[in-house]
Each structure stands twice: as C-alpha cells, then as structure tokens.
*Asks:* 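Just dropping this structure here.
Just so we're clear, the structure is a prediction, and the values are computed from it rather than from any experiment.
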Amino acid sequence: MRMYNADGSEGKMCGNGIRCFSKLVYDLGLTRHKRLTIETLSGLKQVTLFEENGEITGAEVDMGIPDFACAAIPMIHSGETFIE
C-alpha cells in the first residue's frame, strides 16, 4: 500500500487509509480472507476485517507501538518527547 499526503509527499502509513484499502480489496473480490497482511513503508501491518450479514462493516489495524520522540514524529519541541 502506498499513501500520499495532501502536499504530495509519500507517507509511511495511514490508519484510515489502510482500513479503507483492506475493505476495497475484499469488496473487489481480490481476497476472501478477513485477516490481511499489508506491506507499507513502516513495515507489515495486520488488518482484521469485521463482517455482518455478508458485508464488511469495520476494520482494525495493529499499528504497533507509538513513538512520541520529537525526532521520530518529526516536530520542533523544547523537550525530547511530545508527552511529558
């Protein structure tokens, strides 16, 4: 999966985007699996699709452990982490 920001730069991952992508892949019949592994620039992500009455109604993605270090976000901040 590739994702682009509004400014045209390529992003590593987008939580909403990967859920929408997973539903689209299922709806187009490209897979019938409800647990998907999607390759992104931030690594492999596991997505679980939820079905009700034959329709995908939701998706959950394991985005990993968040990193709040300012250098990792990146952002300008007087501290080392965003959360103090």
Side-chain angles (χ1 to χ4, degrees):
M1 180 187 108
R2 294 180 77 176
M3 188 280 300
Y4 293 88
N5 297 308
D7 67 1
S9 63
E10 189 167 14
K12 288 186 175 182
M13 226 288 284
C14 173
N16 282 337
I18 197 169
R19 288 189 291 270
C20 292
F21 173 78
S22 299
K23 181 180 183 326
L24 177 67
V25 167
Y26 188 90
D27 288 349
L28 291 176
L30 300 174
T31 187
R32 285 292 137 216
H33 297 282
K34 306 256 180 12
R35 290 202 32 87
L36 308 173
T37 301
I38 309 294
E39 184 179 0
T40 72
L41 288 180
S42 64
L44 297 175
K45 302 298 176 189
Q46 302 298 317
V47 180
T48 303
L49 298 173
F50 300 102
E51 180 183 8
E52 289 183 29
N53 302 318
E55 182 178 339
I56 299 301
T57 58
E60 178 179 85
V61 60
D62 179 358
M63 294 179 57
I65 299 169
D67 185 351
F68 295 110
C70 293
I73 294 176
M75 63 176 286
I76 297 171
H77 180 66
S78 59
E80 290 184 19
T81 62
F82 181 67
I83 297 177
E84 295 186 51

*Asks:* With sequence neighbours left out, write down each residue that passes side-chain contact (heavy atoms from CB on, under 4.5 Å) with R2, or none if nothing qualifies.
*Replies:*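 For R2 the side-chain contact (heavy atoms from CB on, under 4.5 Å) partners, ignoring immediate neighbours, are Y4, E10.
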*Asks:* For the atom pair OG1 (T37) and CG (D62), what is the distance rounded to the nearest 0.5 Å?
*Replies:*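 Between T37 OG1 and D62 CG, I get 10.5 Å after rounding to 0.5 Å.
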*Asks:* Can you give me the closest heavy-atom contact between R19 and V61, atom names plus distance?
*Replies:*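 Between these two residues, the closest heavy atoms are NH1-CG1, 3.5 Å.
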*Asks:* Quick check: closest heavy atoms across M1 and I38, and the distance to 0.1 Å?
*Replies:*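 It is CB-CG2, 3.7 Å.
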*Asks:* Look at atom CG of D7 and say whether more than 12 heavy atoms of other residues, nucleotides or ligands are closer to it than 6.0 Å.
*Replies:*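 Yes, the 6.0 Å shell around CG holds more than 12 heavy atoms from other groups.
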*Asks:* Which other residues belong to the hydrophobic cluster containing I65, where Ile, Leu, Val, Met, Phe, Trp and Tyr are joined when side-chain heavy atoms lie under 4.5 Å apart, directly or via other members?
*Replies:*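 Noted: I65 shares its cluster with no other residue.
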*Asks:* Taking R32 for its side chain and Y26 for its backbone only, find out whether a donor-acceptor pair lies under 3.5 Å.
*Replies:*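 It does hold such a pair.
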*Asks:* Restricting to side-chain contact (heavy atoms from CB on, under 4.5 Å), what partner residues turn up for L30, sequence neighbours left out?
*Replies:*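 Result, side-chain contact (heavy atoms from CB on, under 4.5 Å) vs L30: V25, L28.
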*Asks:* Rounded to the nearest 0.5 Å, what's the gap from OG on S22 to NE2 on H33? Could you check?
*Replies:*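 If I round to the nearest 0.5 Å, the distance is 13.0 Å.
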*Asks:* Answer whether the closest heavy-atom distance between the side chains of L41 and M3 falls below 4.5 Å.
*Replies:*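 No, every pair of side-chain atoms sits at 4.5 Å or beyond.
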*Asks:* Closest approach of A59 and L49, non-hydrogen atoms and distance?
*Replies:*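 Where A59 meets L49 most closely, the heavy atoms are CB-CD2, 3.7 Å.
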*Asks:* Return the set of residues passing side-chain contact (heavy atoms from CB on, under 4.5 Å) with E60 (not counting sequence neighbours), or none when no residue passes.
*Replies:*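 Per chain and number, E60 pairs via side-chain contact (heavy atoms from CB on, under 4.5 Å) with F50.
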*Asks:* Listed by chain and number, what are the side chain to side chain donor-acceptor pair (under 3.5 Å) partners of T57, not counting sequence neighbours?
*Replies:*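 Expected list: none.
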*Asks:* What distance do C14 atom SG and M63 atom CE have between them, rounded to the nearest 0.5 Å?
*Replies:*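 Those atoms lie 7.5 Å apart.
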*Asks:* Taking side-chain contact (heavy atoms from CB on, under 4.5 Å) as the test, write out the residues that go with S42, two or more places apart.
*Replies:*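 If we apply the side-chain contact (heavy atoms from CB on, under 4.5 Å) test to S42, skipping adjacent residues, the hits are K12, M13, T40, K45.
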